[in-house]
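Just so you know, these numbers use all the heavy atoms, side chains as well, and skip hydrogens, waters and symmetry mates.
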Amino acid sequence: MHLALLHEGRPALLRVEGPAKAPVALFFHPFPLHADAWEEMLMACAASGLCAAAIDAPGFGGTPPLGQPLSMDRLADLGAAALDALGARRAAIVGCSMGGYAAMAFARNFPERMAAATLIATKATADTPEAKQNRERQASLALEKGAQAVVAEFAPKLVAPDAPDPVRRRVEELASRATAQGIADALRGMAQRPDSTADLPRWKVPTLVIAGEQDQLMPRTEMERIASSVPGARLEVIRGTGHLPFLENPPAVAPLLVAHLLARRAS
């Protein structure tokens, strides 16, 4: 089901699957997709007895854009508001790519509300000057020529080079609900995010790190650095997948994710 919530007077859409009052897993989606990208993960969590919720970031899916840079802190605040709407004090936090940046901001701002973490195809380091420049180029391109101009450039790199056509079509369909303003806001917000590397050794929750073997956007070294920095973290590499391993090969990722979350609940 979908729930509408208000955050700082603005509406946002939250997808929720699974039993009410169960332990919550909160998902932050990758750029430029929306909450439905987590479909199989949400259903797998719900089938295991968890309440799985995924928020549409402003400008994506069913949440209207901000019209200003979408900082990762603001996205983390939206996640906290989603937990409030669900009546959840704490949750396992799951984030991929941009969603991973939001998860790290959540850990920094709401450490007492994070019960476990899963980081997928993301990095703790800040953008280089060159990366910031490219994000601004893409933000301007979206506002000048529309969302599709950026999606056409970005989407092919989201999956493995030999990803099957149905996977590519699904990614394109999910990205088609991104607005030009949302794309620009998110790109500018990601460019402003701080380096989270120094925060990771202070994490005290069970952490799973997942990388795609053929990721065209995120160097494996970034994921290895996260896994080696968070005490007790475990790294899993999903063969044959790119930047979206949970979407490209759900049967490989869902059992890893669910087992990690259930182990946290048991403990």
Side-chain angles (χ1 to χ4, degrees), residues 1-3 14-30 33 35-55 76 79-80 82-97 99-107 110-122 199-213 223-224 226-241 244-267:
M1 66 174 178
H2 287 86
L3 297 178
L14 181 69
R15 176 172 177 174
V16 185
E17 304 292 344
K21 306 302 182 182
V24 174
L26 178 66
F27 291 72
F28 290 103
H29 66 77
L33 311 184
D36 285 357
W38 294 111
E39 172 87 23
E40 292 88 351
M41 302 303 106
L42 299 178
M43 293 305 182
C45 288
S48 73
L50 299 169
C51 176
I55 193 78
L83 296 189
D84 292 341
L86 294 171
R89 185 176 65 87
R90 304 176 76 211
I93 304 299
V94 183
C96 174
S97 194
Y101 306 152
M104 284 178 262
F106 189 96
F110 307 101
E112 74 287 352
R113 303 195 74 174
M114 187 168 75
T118 300
L119 299 176
I120 305 172
T122 192
D199 298 334
L200 300 179
R202 294 192 290 270
W203 285 25
K204 297 179 181 180
V205 299
T207 300
L208 174 64
V209 181
I210 298 176
E213 180 188 38
M223 303 301 293
E224 292 169 346
I226 291 173
S228 64
S229 297
V230 176
R234 183 173 96 253
L235 173 64
E236 296 283 352
V237 180
I238 309 303
R239 295 182 58 185
T241 65
L244 306 174
F246 68 93
L247 189 151
E248 296 173 70
N249 191 349
V253 176
L256 292 172
L257 178 62
V258 170
H260 176 65
L261 298 180
L262 290 180
R264 186 272 304 182
R265 182 173 68 172
S267 65

S.K.: Rounded to the nearest 0.5 Å, how far does NE2 of H260 lie from OG1 of T207?
M.R.: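 Atom-to-atom, T207:OG1 and H260:NE2 are 6.0 Å apart.
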S.K.: Would a 4.5 Å heavy-atom cut-off, applied to side chains only, mark C45 and E17 as touching?
M.R.: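 Contact flag for C45/E17 side chains = no.
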S.K.: Distance check, rounded to the nearest 0.5 Å: L200 atom CG versus M104 atom CE?
M.R.: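 Between L200 CG and M104 CE, I get 7.0 Å after rounding to 0.5 Å.
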S.K.: Which heavy atom in G79 sits nearest to a heavy atom in L26, and how many Å separate them?
M.R.: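 The answer is O-CD2, 3.5 Å.
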S.K.: Say you draw a straight line from CG of L261 to OG of S48; how long is it, rounded to the nearest 0.5 Å?
M.R.: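 Answer for the CG-OG pair, L261 versus S48, is 7.5 Å.
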S.K.: If I compare all heavy atoms of V237 with all of G212, which pair ends up nearest, and what's the gap?
M.R.: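 Here V237 and G212 meet closest at CG1-C, 4.4 Å.
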S.K.: CZ of F27 to SG of C96: how many Å apart, nearest 0.5 Å?
M.R.: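 Interatomic distance, F27 CZ to C96 SG, rounded to 0.5 Å: 11.5 Å.
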S.K.: Within this structure, what is the CG-CZ distance for the pair N249 and R239, rounded to the nearest 0.5 Å?
M.R.: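 Reported to 0.5 Å precision, the distance equals 11.0 Å.
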S.K.: Parallel, tilted or perpendicular: which one describes the rings of W38 and F246, with boundaries at 30° and 60°?
M.R.: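 If you compare the ring of W38 with that of F246, the planes turn out parallel.
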S.K.: So do the side chains of L244 and L33 get within less than 4.5 Å of each other, counting heavy atoms only?
M.R.: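 They are in contact (side-chain heavy atoms under 4.5 Å apart), so the answer is yes.
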S.K.: Taking the side chain as everything from C-beta on, heavy atoms only, tell me whether L42 gets closer than 4.5 Å to R15.
M.R.: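 In contact.
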S.K.: What's the shortest heavy-atom distance between L83 and A91, and which atoms?
M.R.: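 For L83 and A91, the tightest heavy-atom pair comes out as CD2-CB, 3.6 Å.
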S.K.: Closest approach of A76 and F28, non-hydrogen atoms and distance?
M.R.: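 Heavy atoms only, the tightest pair is CA-CZ, 4.4 Å.
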S.K.: Nearest 0.5 Å please: distance from the CG atom of D84 over to the CZ atom of R89.
M.R.: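 That separation rounds to 12.5 Å.
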S.K.: If every non-hydrogen atom of A44 is compared with every non-hydrogen atom of A254, which pair is closest and at what distance?
M.R.: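 Result for this residue pair: CB-CB, 3.9 Å.
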S.K.: Mind checking whether R113 and F106 have side chains closer than 4.5 Å, heavy atoms only?
M.R.: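 They are in side-chain contact.
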S.K.: Any heavy-atom pair between the side chains of T118 and E236 that's under 4.5 Å?
M.R.: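 SC-SC contact between E236 and T118 ruled out.
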S.K.: With side chains defined as the heavy atoms from C-beta onward, is the minimum distance between L14 and L86 less than 4.5 Å?
M.R.: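 Contact flag for L14/L86 side chains = yes.
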S.K.: Where is the tightest heavy-atom contact between M223 and I210, given as atom of each residue plus distance?
M.R.: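 Closest approach of M223 to I210, heavy atoms only: CE-O, 3.2 Å.
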S.K.: Using a 4.5 Å cut-off on heavy atoms from C-beta on, say whether the side chain of L256 contacts that of I238.
M.R.: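 Counting from C-beta outward, I238 and L256 do come under 4.5 Å.
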S.K.: Are the side chains of L50 and L262 in touch, meaning some heavy atoms are under 4.5 Å apart?
M.R.: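 Yes - at least one pair of side-chain heavy atoms lies under 4.5 Å apart.
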